Chemist: 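I'd like to ask some things about the structure below.
In this text, all values refer to a predicted model and were calculated from it rather than measured experimentally.
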Amino acid sequence: MTTVRISELARHDGASVTLRGWVSHTRSSGKIAFIVLRDGTGYLQCVLSKRDVPADLWERFATLTLETSVTVTGAVRAEPRAPGGYEMHLTDLTVIGPSPDFPIQPKEHGTQYLFEHRHLWLRSRRQVAIARVRHEIVQAIRDFFHQRDFVLVDTPILTGSIGEQAGELFSTDYFDLGKAYLAQTGQLYVEAAAAALGKVYCFGPTFRAEKSKTRRHLTEFWMVEPEVAFNDSSDNMRLQEEFVSYLVARALECRGEELKELERDTAPLALVTPPFHRISYTDAVARLNALGSDIQWGNDLGGDDETLLTKQYDRPVFVYNYPKGVKAFYMKENPDDPRTVLNNDCLAPEGYGEIIGGSQREDDHDRLLARIREQGLDPEAYRWYLDLRKYGTFVHSGFGLGVERTVAWICGLPHIRETIAFPRQIHRLYP
């Protein structure tokens, strides 16, 4: 007997096959019984007729509970009303692993309870749909850069250099060499690689010890960071809008069923095409003040400010040229206004806020050294980074896109914690 997966059933219409999976739910009228199975590729309705199957098979059906793992055999038939468009008329059923008292039942559970049982909650329809959208976005990220001849560079997770703010570091003792830090970014390293390869990116986990409990923050998250030699800030924003538009289009094209399962209104996503809106930081502050925010020039935009601002636009918006004092040391000073730097944040619409931070990098050795000292960092730790400005310095730009924030936006989720299988937050390290 051929063993198949649910996603392959269309090729076996009319044939008898065997399939393995888990019980999603059951129901019975006393004479006809239905089992909905899932196997990770889809959902299948299985049908048993009491008069047509052996008595012991009918009795085995009666023992099934939520998430019991089973092997089933039967004839595949097209059925437009069934999940996935096919159903199986069973001739055999074997229990592989019973599932007595599965902790997550089809009833309302609190968020705390669900995350305590995250290892089991992952099996639900909603979480499966989110995981598939995330998978598609991750694959689209790799495809986008591969198609444009970028080279993937794997950067260290343990580092002696600070990429962002010193107060957001996880540190550990590193043999006899002092402190090492879990990387906040791979950016400094891909800058070095850009001088060798031209167009590069890194993609992996990053860590922030920021004591934030907002719906947009995790302590461990995934970020993709491209860096391009000879790109200035304007080039950088053009690459970002092409990139984000590509990811959204890919999700709409390939994960429509999952977005439907999540009840995502896809009409706003269909509007995500270049060019994106652009507004300077200075004009954004004035706009926010007019909308009732009390933000003052010189302060970074908070989550509420980003939400308020993005609700004024129908697609992502670039806020560019922030004050130097609220941005990282490596950003290029704006020659037209030395109070600011040549950077941008890309804010997603519908109130989702920042999904990308990018900038043109400071390529002048002495200016960079001065900024390192201004921020109280040890120049010796950045000696290798300063070397990039001593030996063939060049204009270059890059950005970082947070995968979880992007997934939350595309899926229309209220909180970032559902976008990764096992989220890490300041109050959660289990499971």
Side-chain angles (χ1 to χ4, degrees), residues 150-197 200-212 217-227 229 324-332 341 343 357-359 361-394 396-404 420 422-430:
F150 280 70
V151 177
L152 174 66
V153 175
D154 295 318
T155 57
I157 288 176
L158 286 171
T159 176
S161 304
I162 297 169
E164 298 292 336
Q165 297 181 4
E168 298 177 6
L169 290 165
F170 289 105
S171 64
T172 184
D173 293 326
Y174 195 76
F175 304 107
D176 297 326
L177 298 179
K179 291 291 184 184
Y181 306 100
L182 292 181
Q184 300 166 308
T185 174
Q187 176 210 309
L188 307 188
Y189 297 98
V190 287
E191 285 188 56
L197 296 159
V200 297
Y201 74 104
C202 63
F203 192 11
T206 50
F207 307 86
R208 301 284 170 88
E210 183 179 0
K211 292 183 179 180
S212 176
H217 286 86
L218 297 171
T219 59
E220 177 184 323
F221 59 96
W222 282 66
M223 187 157 61
V224 56
E225 300 178 87
E227 196 76 24
K324 184 191 301 183
V326 297
K327 290 300 175 182
F329 68 91
Y330 51 73
M331 296 186 181
K332 179 74 173 176
V341 289
N343 82 307
S359 73
R361 317 310 190 187
E362 181 55 73
D363 53 271
D364 181 276
H365 176 278
D366 292 344
R367 289 177 183 270
L368 180 60
L369 178 58
R371 288 286 285 153
I372 289 171
R373 287 173 170 159
E374 280 174 18
Q375 297 204 4
L377 303 174
D378 179 8
E380 183 60 24
Y382 296 89
R383 178 163 45 87
W384 68 271
Y385 187 62
L386 288 160
D387 277 352
L388 304 179
R389 279 72 178 170
K390 288 173 61 177
Y391 304 108
T393 192
F394 58 108
H396 57 293
S397 298
F399 62 87
L401 174 137
V403 171
E404 287 76 17
I420 190 168
F422 297 99
R424 293 292 174 250
Q425 299 171 276
I426 64 171
H427 58 278
R428 181 161 304 285
L429 198 58
Y430 175 91

Chemist: Please state whether the rings of W222 and F203 are parallel, tilted or perpendicular, taking 30° and 60° as the class boundaries.
Modeler: perpendicular
Chemist: Could you measure the distance from the CD atom of E220 to the CG atom of L429? Nearest 0.5 Å is fine.
Modeler: 9.5 Å
Chemist: Within the distance-only criterion (no hydrogens, no angle test), does the side chain of T206 pair as donor or acceptor with the backbone N or O of A183 below 3.5 angstrom?
Modeler: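 No; zero donor-acceptor contacts below 3.5 Å.
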Chemist: Starting from the C-alpha separation in whole Å, work towards a yes-or-no answer on side-chain contact (heavy atoms from CB on, under 4.5 Å) for L188 and T159.
Modeler: CA-CA 11 Å; L188 307 188; T159 176; over 6 Å; no
Chemist: Looking only at heavy atoms, what is the nearest atom pair of I157 and P205, with distance?
Modeler: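 Closest pair (atom of I157, atom of P205, distance): CD1-CG, 3.9 Å.
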Chemist: Indicate whether any N or O donor in one side chain lies under 3.5 Å from an N or O acceptor in the other, for E191 and Y330.
Modeler: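 Their side chains do not contain a donor-acceptor pair, so the 3.5 Å distance test is not met.
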Chemist: From T172 OG1 over to K179 NZ, what is the distance, rounded to the nearest 0.5 angstrom?
Modeler: 7.0 Å
Chemist: Under 4.5 Å between any side-chain heavy atoms of F394 and D363, yes or no?
Modeler: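 In short, these two side chains do not touch, never coming nearer than 4.5 Å.
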Chemist: Tell me if a side-chain donor or acceptor on R428 pairs with a main-chain N or O of P423 at a distance below 3.5 Å.
Modeler: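 It does not hold such a pair.
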Chemist: Walk me through whether M331 and K324 qualify under side-chain contact (heavy atoms from CB on, under 4.5 Å).
Modeler: CA-CA 8 Å; M331 296 186 181; K324 184 191 301 183; over 6 Å; no
Chemist: If you take all heavy atoms of A192 and W384, which pair is closest and at what distance?
Modeler: CB-CZ3, 4.3 Å
Chemist: Could you state the interatomic distance from NZ (K211) to CD (Q425), rounded to the nearest 0.5 Å?
Modeler: 15.5 Å
Chemist: Begin from the C-alpha positions of R389 and D364 and carry the test side-chain contact (heavy atoms from CB on, under 4.5 Å) through to its verdict.
Modeler: CA-CA 6 Å; R389 279 72 178 170; D364 181 276; over 6 Å; no
Chemist: Has R208 got a side-chain atom pairing as donor or acceptor with Q184's backbone, closer than 3.5 angstrom?
Modeler: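 Yes, R208 side chain to Q184 backbone: donor-acceptor pair under 3.5 Å.
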Chemist: Taking G186's backbone N and O only, do any of them form a donor-acceptor pair with E225's side chain (distance below 3.5 Å, no angle check)?
Modeler: yes
Chemist: When you look at CZ of F422, are more than 12 heavy atoms from neighbouring residues, nucleotides or ligands closer to it than 6.0 Å?
Modeler: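 Yes, CZ of F422 has more than 12 neighbouring heavy atoms, counting only those of other groups under 6.0 Å.
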Chemist: To the nearest 0.5 Å, tell me how far E227 CD sits from T155 OG1.
Modeler: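 With rounding to 0.5 Å, CD (E227) is 11.5 Å from OG1 (T155).
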Chemist: Looking only at heavy atoms, what is the nearest atom pair of A209 and L169, with distance?
Modeler: CB-O, 3.6 Å
Chemist: At what distance, to the nearest 0.5 angstrom, does CG of L177 lie from CG of L158?
Modeler: 11.5 Å
Chemist: For residues Y174 and A180, report the shortest heavy-atom separation together with the two atoms involved.
Modeler: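 In terms of heavy atoms, the two residues are closest at CB-CB, 3.7 Å.
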Chemist: Which distance, rounded to the nearest 0.5 Å, do you find between the CZ of R373 and the CG of D378?
Modeler: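 These two atoms lie 10.0 Å from each other.
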Chemist: Against L197, only a single residue in V153, L152, V190 fulfils side chain to side chain contact (heavy atoms under 4.5 Å, CB included); can you say which?
Modeler: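 Single side chain to side chain contact (heavy atoms under 4.5 Å, CB included) partner of L197 among V153, L152, V190: V153.
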Chemist: If you look at every heavy atom in M223 and G402, which pair is closest and at what distance?
Modeler: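 Here M223 and G402 meet closest at CG-N, 4.4 Å.
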Chemist: Tell me whether the count of non-hydrogen atoms from other residues, nucleotides or ligands lying under 6.0 Å of CZ in R424 goes above 12.
Modeler: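 Result for CZ/R424: enclosed.
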